[in-house]
Protein chains: 2
Amino acid sequence: MTDLSRYERQLKEAGLRLTGPRRLILRILTESGDHPDAAEIVQRATARGTRLSLATVYRTMKVLEETGTVERHAFQGGPARFEKADRAHHDHLIDLDTGDVVEFTSPRIEELQRAIAEELGYEIVDHRLELYGRKIRCE
Amino acid sequence: MTDLSRYERQLKEAGLRLTGPRRLILRILTESGDHPDAAEIVQRATARGTRLSLATVYRTMKVLEETGTVERHAFQGGPARFEKADRAHHDHLIDLDTGDVVEFTSPRIEELQRAIAEELGYEIVDHRLELYGRKIRCE
DNA sequence: AATGCAAATGAGACTTATTCTCATTAAGAC
DNA sequence: GTCTTAATGAGAATAAGTCTCATTTGCATT
């Protein structure tokens with residue numbers, strides 16, 4: 001869990017307290033390979049035998065977003081889903097049949113986005129690129 | 001209003017009734033140059049002196065999405081906003097300061113998306129590309 | 001180790017966006 | 001005009017997320 005202690009350092013540096021619930025949430029995110037939503041995080045805490053309030057999850061996520069520790073994704077018509085932000089930037093392809101999330105990156109798309117925004121007189125602060133698709137079946 | 005009658009034809013073809021509220025909603029969308037949300041559509045109906053229920057707006061939008069008459073956009077943390085789908089496909093750049101929505105298209109980005117999805121074994125059903133930015137000020 | 005203060009938490013009330021229910025209305029076919 | 005059934009309005013219900021406030025707990029200081 002060197003990962004975990006790195007998060008703890010990030011919290012410290014932001015002048016935030018290293019509380020039990022925060023440790024727990026960070027541990028759950030670190031150990032989850034997927035993109036859980038707030039309710040799932042509470043469930044995973046419960047599964048570990050620890051009580052955790054939904055309000056705390058949302059509050060903590062807001063804080064951790066600000067410190068750059070987690071990322072929030074609001075996919076089409078569902079609750080927001082979270083993942084830790086320790087990896088390089090990537091976009092998402094959502095499998096419409098299973099709900100699975102596949103990650104991908106495209107420097108070329110990023111560059112095109114930047115160029116388009118600039119042409120319109122804008123500087124990009126944030127962006128969202130989500131593909132919704134179905135597996136191609138090879139019959 | 002040739003536009004309007006085109007919508008009416010689309011409804012007819014889908015076996016849907018051409019009701020007062022539906023005409024009204026279509027007229028409002030046709031006359032609106034922006035991307036109103038459901039509540040705004042009700043307000044604009046009221047401004048015309050016609051009562052219109054929020055439930056009807058949402059129901060109608062669902063129906064019109066299915067007939068390909070309108071598009072729904074769920075931008076970051078606000079209500080869904082609607083626009084008529086009679087123009088060519090485009091993506092959106094949202095001005096973080098004013099909330100303005102600027103439309104743009106990029107065939108190259110579209111093509112890159114298709115290629116990426118294919119490489120991952122997926123076929124794209126839908127996609128979302130939103131840029132959030134700020135105007136570049138020339139001092 | 002004990003103290004004190006501000007930050008963080010939990011539980012539930014509240015807000016906002018959207019869908020559902022059901023009694024009433026009104027398209028449009030005959 | 002009548003009849004059938006889809007569509008509507010009004011408000012209840014649901015879902016996601018935020019807020020309030022009394023209580024707890026980090027942690028800096030003794």
> Does a donor on one side chain and an acceptor on the other come within less than 3.5 Å for B:T69 and B:Q10?
Replying inline: yes
>> Just to verify, what does A:R22 make a salt bridge (charged side-chain N to carboxylate O under 4.0 Å, His left out) with, not counting sequence neighbours?
In response: none
> Do NZ/NE/NH1/NH2 and the carboxylate oxygens of B:R72 and B:E65 come within less than 4.0 Å?
Replying inline: yes
> D:dT24 P sits how many Å from A:L18 CG, rounded?
Replying inline: 21 Å
> Rounding to a whole Å, what distance do you find between B:L26:CG and D:dA7:P?
Replying inline: 13 Å
>> Expressed as a whole number of angstroms, how long is the span from B:D37:CG to C:dT19:P?
In response: 13 Å
> On DNA chain C, nearest-nucleotide positions of B:G78 versus B:L16: which is more 5'?
Replying inline: B:G78
> Please give, in whole Å, the distance from D:dG26 P to A:R23 CZ?
Replying inline: 9 Å
> Going by heavy atoms closer than 4.0 Å, what residues in residues 47-62 of chain B are next to DNA chain C?
Replying inline: B:L54, B:A55, B:Y58, B:R59, B:K62
>> Distance check needed: D:dA15 C1' versus A:E40 CD, whole Å only.
In response: 15 Å
> For A:A80 and A:T19, take the nucleotide of DNA chain D holding the closest heavy atom to each; which residue's nucleotide lies nearer the 5' end?
Replying inline: A:A80
> Does A:D100 come within less than 4.0 Å of A:R134, counting only side-chain N to carboxylate O?
Replying inline: no
> In whole angstroms, how far is the P atom of C:dA8 from the CG atom of A:L24?
Replying inline: 17 Å
> Can you tell me if the side-chain N/O atoms of B:R17 get under 4.0 Å from OP1 or OP2 in D:dT5?
Replying inline: no
>> Could you tell me how far apart B:R22 (CZ) and C:dT25 (P) are, to the nearest whole angstrom?
In response: 19 Å
>> Between A:R48 and A:E31, does any side-chain N to carboxylate O distance fall below 4.0 Å?
In response: yes
> What is the bend of the helix from C:dA1-D:dT30 to C:dC30-D:dG1 when you compare the axis at one end with the axis at the other, using five pairs each and rounding to 10°?
Replying inline: 30°
>> Rounded to whole Å, how long is the line connecting atom NZ of B:K12 with atom P of D:dA6?
In response: 16 Å
> Which atom pair, heavy atoms only, marks the closest approach of A:E123 to B:I136?
Replying inline: N-CG1, 3.8 Å
> In terms of ring plane angle, is the pair B:H35 and B:H90 parallel, tilted or perpendicular, where the classes change at 30° and 60°?
Replying inline: perpendicular
> What is the minimum heavy-atom distance between B:A80 and B:D37, and which atoms define it?
Replying inline: O-CB, 3.2 Å
>> Under the side-chain contact (heavy atoms from CB on, under 4.5 Å) test against B:L131, which residue among A:I124, A:V125, A:L129 passes?
In response: A:I124
